[in-house]
Amino acid sequence: MDRILSSDVKSHVGSTVHIEGWLHKKRMLGGLTFINVRDRRGLVQVVLQDKDEVEKLRGMQIGTVLAVDGTVKDEPRAPGGAELHDAKLEVLVPVTDEPPIEIDKPIQHKAENLDTLFEYRVLNVRNLQEQKIFKLRSQLTRYIREFLDQHEFVEIDTPKFLAGATEGGAEVFKLDYFGKEATLAQSPQFYKQIMVGAYERVYEIGHSYRAEPSATTRHLTELTMLDIEMGFVSGHDEVLDMVGDMTQYALKKVYEEHGDTLKSLNAPELKLPEGGKIPRFTIAQIHDMYTKATGTDTTKEKDLTPDEERFISEHALKELGSDLVFATEFPIEAAKFYHKVDTEKGITMWADLLFRGLELATCPLRENNYQKMVEQMTKAGLDVNHEGFKYYLQAFKYGLPQHGGCGFGIDRLVEKTIGLANVKEATLFPRDINRLTP
RNA sequence: GGGCUCGUAGUGAAGAGGCCUAUCACGCCUCCCUGUCACGGAGGAGAUCGCCGGUUCGAAUCCGGUCGGGCCCGCCA
């Protein structure tokens, strides 16, 4: 008999069906035993009355892989409105070791117990609540791809092994590459800019590696970044509008299509700005507002403090009804060599997109003039002939239009969409400063 | 890298000098139970209180060290 899935049981009332899955829960009431069998669609309740069938489950722990043949009966008292009767069990893979954690109840996500969460990740991904997180993650990235495809972006894949240090900023992992020193990419930035020279619009969803010794709720050493780059932009606004539209598209869609799931995970209600225009504040404005509101002077800072990120997000939500807000016009001192700067205004054409209090994306406009790039790199003390730079610079030498894009944290997007407290909770197998397993 | 915190059965928690021969809940084992869905009931097993040293008549509890977590800051997605 062919296997049917849990969600199809209801439509087979009266007939005998064959299901396969994991033993998820047993409830033994003496002459009557209920078991739940889990498959990729969910759970099926099976009722056992035959003592010999119940006896097959003796010593079988949660996780035992079962095949069940039974007659589907309409039953309003059963979850899903139907259940299997007169069941014949076959143990396909017996499990006799008691699992170290319980997987049929919501898994605790308290900060002090996150270590246990990840230590038993292999098992807790079988928990239905836990599974919702990573399904939502898959759906969010699908909607992002959908939007980008609609806007003629080409998905690319770029190498993660690099020759030597490149962008500067975050610390890089160094490793031995057949006797040469290599680094792990901290972002695909150079490659996506190079690819603007081919397709104008490109994106990549891939891993980036940061050797920052950061032990916070928002850092991973291996993170999933969405990197976007688009050429022939009229200016910084066009980049911000595109990133803003994409983010809103993905969020709106996930709330529309999976609102129930989000609700069951206690996700916050989604608040997007009327008319779709994400509010913008300059860094100077935010420093000013924060200093006035709190009495802590941040006006000398070149970046926002984490508390300022929370502050301006709260302001945008309360006053402007938006979960999203752009922090724009970073001071010129914060500029990196590849940023486009406005020397007259003394600003960098760089904005951060904040979502529910957290930096979600960095969205700069790039310097695209070859001579200026060489000047800015030299000024930054970089060797333009280094093999980590020379191929990158070829793209500029042979013509790149004005372009910009973003580096966008997928892990953080999932975290904040669901309302989790730590980016690691949104990551299946997180890598941080003290965790390299599972 | 700096600061602050926390380590007690498999899991989550209580105990804060003697009441501890360490308590509770879930899970596990045995038995009872025909509509459970956090099933219920009776009984049982399971912990050198992270580790090392010290103070004390007496340490899970106080002190020092050490190892392992967590949170915040810096930095960043």
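Bear in mind that the values here come from a model prediction, so they are computed numbers and not experimental data. Only this structure's heavy atoms are used, side chains among them; waters, hydrogens and symmetry mates stay out. Here is the naming used below: chain letters follow the sequence lines, and residue numbers restart at 1 for every chain.
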Between [N] and [M], how far is it from one [atom1] atom to the other, in whole Å?
| N | M | atom1 | result |
| --- | --- | --- | --- |
| A14(B) | C67(B) | P | 27 Å |
| G53(B) | C49(B) | P | 13 Å |
| U8(B) | G70(B) | P | 14 Å |
| C28(B) | C37(B) | P | 15 Å |
| G40(B) | C26(B) | C1' | 15 Å |
| U61(B) | G17(B) | P | 11 Å |
| C73(B) | A38(B) | P | 39 Å |

By the 4.0 Å heavy-atom rule, please label [X] as base, sugar-phosphate, or nothing.
| X | result |
| --- | --- |
| N124(A) | nothing |
| L223(A) | base |
| D411(A) | nothing |
| T116(A) | sugar-phosphate |
| E222(A) | nothing |
| E359(A) | base |

Could you tell me the separation between the [atom1] atom of [X] and the [atom2] atom of [N], rounded to a whole number of Å?
| X | N | atom1 | atom2 | result |
| --- | --- | --- | --- | --- |
| L436(A) | G68(B) | CG | C1' | 16 Å |
| H109(A) | G70(B) | NE2 | P | 14 Å |
| K424(A) | G69(B) | NZ | C1' | 10 Å |
| L358(A) | C75(B) | CG | P | 16 Å |
| I101(A) | G12(B) | CD1 | P | 10 Å |
| E309(A) | C72(B) | CD | P | 12 Å |
| N113(A) | G10(B) | CG | C1' | 14 Å |
| L114(A) | G12(B) | CG | P | 11 Å |

N/O donor-acceptor pair under 3.5 Å between Q186(A) side chain and V172(A) backbone: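 Between the backbone of V172(A) and the side chain of Q186(A) there is no qualifying donor-acceptor contact (under 3.5 Å).
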Derivation and outcome, ring pair (Phe, Tyr, Trp, His ring centres under 6.0 Å), residues Y290(A) and F311(A): CA-CA 7 Å; Y290(A) 182 82; F311(A) 168 83; 5.4 Å; yes
Base of C72(B) paired with side chain of R218(A) (donor-acceptor, under 3.5 Å): no
Per [X] side chain, nearest of listed nucleotides [options]:
| X | options | value |
| --- | --- | --- |
| Y120(A) | G12(B), U11(B), G74(B) | U11(B) |
| L220(A) | C72(B), G74(B), A77(B) | A77(B) |
| D115(A) | A77(B), G69(B), C75(B) | G69(B) |
| T216(A) | G1(B), G70(B), C72(B) | C72(B) |

Check: H287(A)/Q285(A) side-chain N/O donor and acceptor closer than 3.5 Å: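 Q285(A) and H287(A) do not have a side-chain donor-acceptor pair below 3.5 Å.
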E329(A) and T348(A): side chain donor to acceptor below 3.5 Å: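 Result is no, nothing qualifies.
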My understanding is that a pair needs two contacts under 3.5 Å, Watson-Crick or G-U wobble. By that rule, which nucleotide pairs with [N]?
| N | result |
| --- | --- |
| G1(B) | C73(B) |
| A25(B) | U11(B) |
| G64(B) | C52(B) |

Aromatic ring proximity, centroids under 6.0 angstrom, H339(A) and F330(A): no
Residue whose nearest RNA chain B nucleotide is more 5′ - G407(A) or D307(A):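 Nearest-nucleotide comparison on RNA chain B picks D307(A).
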Heavy-atom neighbours of K10(A) NZ exceed 12 at 6.0 Å: yes
Within-4.5 Å side-chain heavy-atom neighbours: T141(A) and V414(A): no
Residues K192(A), E155(A): salt bridge by 4.0 Å N-O rule: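 Here K192(A) does not pair with E155(A) in a salt bridge, since their nearest N and O are not under 4.0 Å apart.
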NZ/NE/NH1/NH2 to OD/OE distance under 4.0 Å, E83(A) and R77(A): no
Per-nucleotide protein contact string for nucleotides 25-38 of chain B (B base, S sugar-phosphate only, - none; heavy atom under 4.0 Å): -BBSSSS-BBBBB-
